[in-house]
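Worksheet for the structure shown next.
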Amino acid sequence: QVTLVESGGGLVQPGGSLRLSCLGTGFTFDYYGIGWFRQVPGKDREAVSCISNTLIAAYYPESVKGRFTISRDNAKKTVILQMNNLKPEDTGVYYCGADLTGLCRPEASAMDTWGEGTLVNVSS
C-alpha cells in the first residue's frame, strides 16, 4: 500500500519557521514527483511547491517564493518543505502528494496519492 505521511506542522508566530516532512513508503519513491499543497476551509487545495524526480524542476508560487524551499532525500524517502518568515495567510492544512509521472506539476488533480495532512497555524 502506498503511504505518504506528513509531519512538522504546529503553531508558530508570524515571522517564524517550520520544517515539514513527507515520508513515502510502499512505492519506488524516487520515481515520483512530489508536491506540497495547502488547504483552508472553503477553498481549493493549492500548490505551494513541487519537485520532480530528477530534481531539475521545482515550483514556487509568488505567494511563497523566497520563503519556502523544497528538497528531497531519496535515500530517506523524504521530501522537505522548509518554510521561513511565515505569515498568517500561510495557515492551513499542508498535504504532500505523489505524481507518478515524475514531473513537478503544481495541480492537485495531478497527484495520484495523498497524505492525510499536517496543520500549520501561523498566529500571534
Side-chain angles (χ1 to χ4, degrees):
Q1 188 81 287
V2 175
T3 301
L4 296 173
V5 179
E6 303 94 339
S7 62
L11 176 64
V12 63
Q13 293 184 348
S17 297
L18 286 173
R19 182 178 182 269
L20 305 185
S21 296
C22 174
L23 174 65
T25 60
F27 63 105
T28 307
F29 182 83
D30 56 353
Y31 288 180
Y32 286 71
I34 300 294
W36 277 102
F37 298 76
R38 67 188 177 197
Q39 190 167 26
V40 298
K43 293 194 174 183
D44 294 335
R45 192 169 296 186
E46 66 170 349
V48 296
S49 191
C50 60
I51 188 167
S52 68
N53 59 359
T54 66
L55 309 184
I56 294 174
Y59 165 82
Y60 304 96
E62 289 299 320
S63 59
V64 310
K65 192 171 295 182
R67 300 188 298 117
F68 290 11
T69 303
I70 193 168
S71 61
R72 67 190 298 166
D73 184 342
N74 288 332
K76 298 180 179 179
K77 300 185 182 298
T78 300
V79 170
I80 302 297
L81 185 69
Q82 179 67 46
M83 306 188 296
N84 297 325
N85 192 25
L86 285 161
K87 303 176 180 180
E89 52 262 43
D90 295 319
T91 294
V93 178
Y94 282 67
Y95 302 87
C96 64
D99 182 349
L100 61 79
T101 70
L103 302 174
C104 173
R105 298 195 291 173
E107 300 90 25
S109 60
M111 302 298 106
D112 299 288
T113 304
W114 292 99
E116 294 186 354
T118 185
L119 177 63
V120 171
N121 187 6
V122 185
S123 180
S124 299

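To the nearest 0.5 Å, atom OG1 of residue Thr113 and atom CG of residue Leu100 are 7.5 Å apart. The OH atom of Tyr94 sits 12.5 Å away from atom CD of Glu6, with the distance rounded to the nearest 0.5 Å. Note that CG of Leu81 and OG1 of Thr118 are 11.0 Å apart. Values are rounded to the nearest 0.5 Å. Going from atom OG of Ser71 over to atom CD1 of Ile34 covers 12.0 Å, rounded to the nearest 0.5 Å. In this structure, Ser17 OG and Arg67 CZ are separated by 10.0 Å, a value rounded to the nearest 0.5 Å. Between the CG atom of Leu4 and the CG atom of Leu23 there is a distance of 8.5 Å, given to the nearest 0.5 Å.
Listed here is the closest heavy atom pair of Arg72 and Ile51: NH1-O, 3.8 Å. Between Ser124 and Pro14, the shortest heavy-atom contact is N-CD, 3.7 Å. Residues Leu103 and Asp99 come closest through the heavy atom pair O-OD2, 3.6 Å. A pairwise comparison of heavy atoms in Leu18 and Val120 identifies CD1-CG1, 3.8 Å as the closest pair. The minimum heavy-atom distance linking Arg19 with Ile80 is given by the pair NH2-CD1, 3.4 Å.
Looking at Tyr60, its side chain does come within 3.5 Å of a backbone N or O of Ile70 through a donor-acceptor pair. Side-chain N or O atoms of Ser52 include none that pairs as donor or acceptor with a backbone N or O of Gly33 at under 3.5 Å. No donor-acceptor distance shorter than 3.5 angstrom exists from the side chain of Asn121 to the backbone of Leu11, with no hydrogens or angles considered.
Other residues, nucleotides and ligands place more than 12 heavy atoms under 6.0 Å from the NZ atom of Lys65. Other residues, nucleotides and ligands contribute at most 12 non-hydrogen atoms within 6.0 Å of the CD atom of Glu116. Environment of CD in Glu89: crowded, with over 12 heavy atoms of neighbouring residues, nucleotides or ligands closer than 6.0 Å.
Checked against the 6.0 Å centroid threshold, Phe68 and Trp36 do not count as a close aromatic pair.
Scored by the salt bridge (charged side-chain N to carboxylate O under 4.0 Å, His left out) test, Lys87 finds no partners at all (sequence neighbours excluded).
No continuous path of ILVMFWY side-chain contacts below 4.5 Å connects Tyr59 to Val79, so the two sit in separate hydrophobic clusters. Linking Ile, Leu, Val, Met, Phe, Trp and Tyr residues whenever their side-chain heavy atoms come within less than 4.5 Å leaves Met83 and Val40 in two separate clusters. Two different hydrophobic clusters hold Tyr95 and Phe29 under the rule that ILVMFWY side chains link at heavy-atom gaps under 4.5 Å. A continuous path of Ile, Leu, Val, Met, Phe, Trp and Tyr side chains, each step under 4.5 Å between heavy atoms, connects Val12 with Leu20, placing both in one hydrophobic cluster.
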side-chain contact (heavy atoms from CB on, under 4.5 Å) evaluation trace for Glu46 with Arg38: CA-CA 5 Å; Glu46 66 170 349; Arg38 67 188 177 197; 2.9 Å; yes
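For residues 35-66, the pairs satisfying disulfide bond (SG atoms under 2.5 Å apart) are Cys50-Cys104, with sequence neighbours left out.
Between Met111 and Phe37 there is a side-chain heavy-atom pair separated by less than 4.5 Å.
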